[in-house]
Amino acid sequence: MTKTIRAVIFDADGTLIDSEVPGMDILHQQALEEGLTFSREEAHQQFRGACMADIVGWIASQLTRKTSDFEADFTNKVRKLQVERFNQELAPMPGALELLSRLKVPYCIATNGPREKVELTLKLTGLRPFFGEQIYSAYDLGFFKPDPGLFLQAAAGLGEAAEYCAVVEDSLPGIEAGLNAGMQVFSLLSQHELPVLIAQRVTCITGLDELIRQWCDEIS
């Protein structure tokens with residue numbers, strides 16, 4: 001940590017909530033049903049952290065035949081299937097509950113997902129009571145990662161300057177947004193999963209348990 005951390009901004013999917021993998025699996029499966037041919041690994045690498053509109057726009061661009069309202073219909077179908085999957089089984093990421101319980105500095109969620117999705121997943125995992133009004137959705141604010149605007153709005157809501165905010169992220173767009181905002185970024189992606197110049201500017205962690213060890217004595 002180069003400066004004192006006075007506030008923490010968390011991503012939701014794949015960071016605090018174990019929803020990234022099932023959500024991406026549904027997107028991949030639906031894309032295959034539309035006739036695309038690419039691997040699950042390729043789908044996760046390309047879609048992770050991206051906003052739904054960009055993902056669906058890319059899928060549409062790969063199709064030679066599609067209806068005029070394909071993107072809206074595909075998005076609605078994926079959202080419905082994701083909700084069904086989340087209601088069947090969804091858990092917080094390991095260490096999330098303890099970390100949120102022990103942090104003494106202000107914190108929030110800033111997500112590229114719609115508010116109704118993060119509200120649902122937080123409720124299903126028992127994490128909703130930790131956040132009160134401190135939930136920031138790109139759909140509400142109009143800034144999608146890697147644009148720094150979402151994180152800057154979150155920092156303003158927490159009442160802290162960007163340089164004193166830590167960002168915890170599991171996707172390249174989110175990591176780039178944190179760096180673009182001038183914040184201290186903690187990456188759940190390993191160094192070999194990041195471009196070299198980005199890897200040199202972030203702190204890579206293996207899980208939230210590592211932040212409990214680093215932070216709950218150091219910044220709480």
Side-chain angles (χ1 to χ4, degrees), residues 9-93 108-128 131 133 135-151 153-154 169-177 180 188-189 193:
I9 301 172
F10 293 99
D11 177 47
D13 296 313
T15 298
L16 290 178
I17 303 164
D18 195 8
S19 51
E20 187 79 12
V21 171
M24 293 299 99
D25 281 347
I26 288 169
L27 271 165
H28 178 234
Q29 183 59 44
Q30 294 307 304
L32 294 181
E33 292 188 10
E34 295 295 335
L36 272 65
T37 55
F38 63 131
S39 70
R40 178 177 183 266
E41 291 71 23
E42 290 170 330
H44 279 248
Q45 183 176 15
Q46 180 160 341
F47 297 160
R48 191 179 189 102
C51 70
M52 183 68 79
D54 290 344
I55 294 170
V56 178
W58 179 85
I59 292 171
S61 73
Q62 305 303 303
L63 301 175
T64 55
R65 294 184 179 180
K66 53 185 176 291
T67 61
S68 59
D69 51 358
F70 168 81
E71 293 186 25
D73 289 344
F74 186 89
T75 299
N76 290 336
K77 184 177 183 180
V78 166
R79 293 289 191 202
K80 180 180 178 181
L81 290 170
Q82 287 179 338
V83 168
E84 291 175 0
R85 175 75 64 84
F86 296 157
N87 275 290
Q88 291 170 2
E89 183 179 7
L90 194 66
M93 295 295 286
C108 70
I109 279 180
T111 175
N112 261 2
R115 177 170 291 272
E116 57 268 26
K117 178 186 177 184
V118 71
E119 291 279 1
L120 173 66
T121 56
L122 287 171
K123 179 181 178 181
L124 290 173
T125 54
L127 299 180
R128 183 63 184 89
F131 290 96
E133 298 300 316
I135 296 174
Y136 300 88
S137 166
Y139 284 80
D140 295 338
L141 298 175
F143 300 106
F144 288 85
K145 308 168 192 177
D147 189 308
L150 177 63
F151 285 155
Q153 292 274 1
E169 270 283 355
D170 74 310
S171 73
L172 184 57
I175 290 165
E176 290 176 325
N180 292 339
L188 286 160
L189 295 179
E193 295 177 288

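On a predicted model such as this, the values are computed, not experimentally measured, just so you know.
A donor-acceptor contact shorter than 3.5 Å links the side chain of N180 to the backbone of E176. E169 places no side-chain N or O within 3.5 Å of a backbone atom of I175 that could act as its donor or acceptor partner. The closest donor-acceptor contact from the side chain of N76 to the backbone of A72 lies under 3.5 Å. In terms of modelled atom types and a separation under 3.5 Å, the side chain of K66 and the main chain of A60 share a donor-acceptor contact. Between the side chain of E34 and the backbone N or O of A31 there is no donor-acceptor pair closer than 3.5 Å. In terms of modelled atom types and a separation under 3.5 Å, the side chain of K145 and the main chain of S171 share no donor-acceptor contact. Panel note: side chain D18, backbone M93; no donor-acceptor pair is recorded below 3.5 Å. Within the 3.5 Å criterion, the main-chain N or O of L122 finds a donor-acceptor partner in the side chain of T125. Remark: the backbone N or O of D11 is not paired with any side-chain donor or acceptor of T111 at under 3.5 angstrom.
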Check your understanding: Taking it one step at a time, do I9 and Y136 satisfy side chain to side chain contact (heavy atoms under 4.5 Å, CB included)?
Key -> CA-CA 10 Å; I9 301 172; Y136 300 88; over 6 Å; no

Practice item. Given side chain to side chain contact (heavy atoms under 4.5 Å, CB included), test L150 with N112 step by step and report yes or no. Key: CA-CA 9 Å; L150 177 63; N112 261 2; 4.3 Å; yes

Check your understanding: Run the ring pair (Phe, Tyr, Trp, His ring centres under 6.0 Å) check on F144 and Y139 step by step: do they pass?
Key -> CA-CA 8 Å; F144 288 85; Y139 284 80; 5.1 Å; yes

Review point. Can you list the steps and then say if M24 with R40 is a side chain to side chain contact (heavy atoms under 4.5 Å, CB included)?
Key: CA-CA 9 Å; M24 293 299 99; R40 178 177 183 266; over 6 Å; no

Practice item. Test R48 against D170 for salt bridge (Lys or Arg N to Asp or Glu O under 4.0 Å), laying out the working first. Key: CA-CA 8 Å; R48 191 179 189 102; D170 74 310; 2.7 Å; yes

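Proximity of F131 to L16: side-chain heavy atoms (C-beta onward) are separated by under 4.5 Å at one or more points.
A centroid separation of less than 6.0 Å is found between the aromatic rings of H28 and F38.
Between A12 and I109 the shortest heavy-atom distance is CB-CG2, 4.1 Å. For the pair I135 and R115, the tightest heavy-atom approach, listed with the atom from each and the gap, is O-NH2, 2.7 Å. L27 and F74 make their closest contact through CD2-CE2, 4.0 Å (heavy atoms, listed as atom of the first residue, atom of the second, distance). Considering all non-hydrogen atoms of both residues, A110 and A154 come closest at CB-CB, 4.3 Å.
Within a 6.0 Å radius of CD in E89, no more than 12 heavy atoms belonging to other residues, nucleotides or ligands are found.
The side chain to side chain donor-acceptor pair (under 3.5 Å) test applied to T67 returns D69, not counting sequence neighbours.
For the side chain to side chain contact (heavy atoms under 4.5 Å, CB included) with Q82, the lone residue among R79, R85, K80, E84 that qualifies is R79.
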